[in-house]
Amino acid sequence: MLLFIIGLFILVVGGYFYGKFCEKVFGPDDRETPAVKLHDGVDYVVMKDWKNKLIELLNIAGTGPILGPIQGILFGPIAFLTIPIGCVLAGSLHDYFVGMISMRNDGAQVPKLVSKYMGNGMNKIYNIIIWILMLLTGVVFIYTPGDLIVNDILGMDINSNVIWIVYAIILFYYIISTIFPIDQIIGRIYPIFGAVLIISAIGVFIGILRDGGANLYNITNTGLLFSAHPDGQKFIPVFFITVACGIMSGFHGSQATLISRTVEKENQGRGVFYNMMLAEGFIAMVWAAGAMILFNRGTDISTGATAMVGIISREFMGTVGGLFAIAGVIVLPITSGDTAFRALRLMIAEQFNIDQKSPQKRVGLSLVIFIPALVILFFAKSNANGFNLLWRYFGFTNQLVAVFALAMITVYLKTHNKLYWISLIPALFYTFIVSSYIFHAPIGFGLEARFGLDPLSYTISYPLGAVCVVLFYVLINKIAGSRKNTILEADRI
């Protein structure tokens, strides 16, 4: 319980002071924001500050800050420190600077920012990765809420035909919210979703406090901070891939750039971007603690993360309150899936200069997006290991996208003679995480297993990850040095 309280202190107090520091480094001013300057009644719309905050939180908080921490707590109480520290120093920083840099570039999506600050070559690579991530995110956030609705709300078999009816309803909502102006659909229903989300998170939090910390100890008692993971997974890098959205998420960049088009004043940015990521960190802490309590009370640690959502909800909030909490968890992916597809539409439109003021063009582009999404969903549902495979690729791609965004932020800060180390350090760390993971993982190169070494060791992957860090550092400095004059001139214009 002490580590949990310390973690919350780091999240709140550390987040307050470091958030102000990040704001000082960026330097918001009173210039016109894209919402005012480029108002079009569709994507560029001035919305109230409280509404922007709520929408940003719902956009970024999918099932990641719930399912990830439930799995991540199997590594031990260290999660109560790494989640808040990572959230303050990396995740919130990432979201704030992406949102603010986008605001300074007329609400540009991240691919366009990568092109401007890192060159067209990097943009081509990034576009492929981010478009894949948006598709995977949208599909994951049809799959998980659909299964929760059928299993925990309707009490039916998730393999029955009714699941496809639920999927169709969610997909229909996604189509509507992707096509219609942001303030007509998302801006109106999100306050209701937000209330459900906040009440459910607070309800589980109160249940944890009532428990008094009696069951908040190391699951396997193998050490003060760490547990021996049941699958033998290494804390580095697997923990940071597993608990992506509670600590750092590249997906958030696509959502921050959406809201950068609806913020009225630059000085609202810290509250909208930085602080809402802190709120997601709190959600991650709460569900990690809830899972640890129940695992220590005897719940089988092999229980799936999705199943644990219902168990935790009913344990801490009762039958009726539990259903409300489950509804809050269902809200999270739905309110991230719709904006994932919306962001993908805007990215493709921006890349190919497709005017989005025309309803016909919005509908046509949306159809192009949803057809491959349906194919991926069908594969994930019809294949026994389909969803697990989908989730692993989603987690890796999510963090890889974050590395690109941190690199873009670093180049921006370095070329503007600002303190670039605040983004470079987390960029280097996550470069090591994603590279060592993909070198080792079966979904990647599987090097240790391929060369007959202990498949759980990182004998080859760690050194190769370190090499990638060095190469990344050299590349960032080279890009910043070669593009400085071009970037400064473009930003002056």
Side-chain angles (χ1 to χ4, degrees), residues 1-18 61 64-92 197-230 233 235-236 239-240 242-243 245-247 275 277-303 305 307-318 321-322 324-326 328-329:
M1 191 64 172
L2 178 61
L3 284 176
F4 181 67
I5 298 300
I6 290 173
L8 291 179
F9 180 83
I10 293 170
L11 196 65
V12 175
V13 178
Y16 173 79
F17 286 106
Y18 201 67
I66 295 176
L67 301 185
I70 288 174
Q71 299 170 79
I73 201 63
L74 294 174
F75 287 95
I78 187 66
F80 295 140
L81 297 180
T82 49
I83 290 174
I85 292 173
C87 189
V88 169
L89 298 180
S92 292
L197 163 64
I198 292 168
I199 292 171
S200 63
I202 292 175
V204 176
F205 178 61
I206 292 173
I208 292 166
L209 296 181
R210 284 179 176 174
D211 184 85
N215 291 286
L216 271 176
Y217 55 84
N218 196 326
I219 296 168
T220 60
N221 294 313
T222 55
L224 178 63
L225 295 177
F226 292 93
S227 292
H229 193 278
Q233 301 281 1
F235 178 73
I236 293 178
F239 177 86
F240 293 93
T242 304
V243 195
C245 297
I247 301 175
N275 290 351
M277 178 57 194
L278 295 179
E280 178 169 319
F282 170 75
I283 293 171
M285 290 278 287
V286 166
W287 285 91
M292 175 170 276
I293 287 173
L294 294 191
F295 285 142
N296 282 320
R297 284 181 182 170
T299 301
D300 189 349
I301 60 176
S302 65
T303 303
M308 283 297 296
V309 170
I311 296 171
I312 293 169
S313 299
R314 287 186 287 270
E315 177 70 20
F316 292 118
M317 297 184 66
F324 195 88
I326 293 167
V329 177

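- The two atoms that bring V243 and G72 nearest to each other are CG2-CA, 3.7 Å, heavy atoms only.
- Looking at M1 and I6, their side chains never come closer than 4.5 Å, going by heavy atoms from C-beta outward.
- Here the straight-line distance linking atom CD1 of I247 with atom CE of M277 works out to 8.0 Å at 0.5 Å rounding.
- When all heavy atoms of V88 and G14 are compared, the pair lying nearest together is CG1-O, 3.8 Å.
- With sequence neighbours left out, the side-chain hydrogen bond (donor to acceptor under 3.5 Å, both in side chains) criterion links E315 to R297.
- Partners of F205 under the ring pair (Phe, Tyr, Trp, His ring centres under 6.0 Å) rule, at least two apart in sequence or in another chain, are F282.
- Looking at residues two or more places apart in sequence or on another chain, you find a side-chain contact (heavy atoms from CB on, under 4.5 Å) between S313 and W287, V309, A325, I326.
- Using a 4.5 Å cut-off on side-chain heavy atoms (C-beta onward), F316 and R210 make no contact.
- The CD1 atom of I202 sits 9.5 Å away from the CE atom of M317 when rounded to the nearest 0.5 Å.
- To the nearest 0.5 Å, the span separating OG1 on T299 from CD1 on I293 amounts to 11.0 Å.
- With sequence neighbours excluded, the residues satisfying side-chain contact (heavy atoms from CB on, under 4.5 Å) with P84 are I10, L11, M285.
- Every side-chain contact (heavy atoms from CB on, under 4.5 Å) that Y16 has, sequence neighbours left out, goes to K20, R270.
- Nearest heavy atoms, I73 versus A79: CD1-CB, 3.8 Å.
- How far CD1 of I301 is from CG of L294: 13.5 Å, rounded to the nearest 0.5 Å.
- One finds the OG1 atom of T242 at 11.5 Å from the CG atom of L67 (value rounded to the nearest 0.5 Å).
- Remark: I312 CD1 to T303 OG1 distance equals 10.0 Å, nearest 0.5 Å.
- Listed here is the closest heavy atom pair of G290 and I208: N-CD1, 3.8 Å.
- Evaluation of the side-chain contact (heavy atoms from CB on, under 4.5 Å) rule for I78 yields T82, L225, F226, F235 as partners, not counting sequence neighbours.
- Annotation: ring pair (Phe, Tyr, Trp, His ring centres under 6.0 Å) contacts of F80 (sequence neighbours excluded): F4.
- Side-chain atoms of I66 and V286, non-hydrogen and from C-beta on, never get closer than 4.5 Å to each other.
- The two residues S227 and G76 come nearest to each other via the heavy atoms OG-CA, 3.4 Å.
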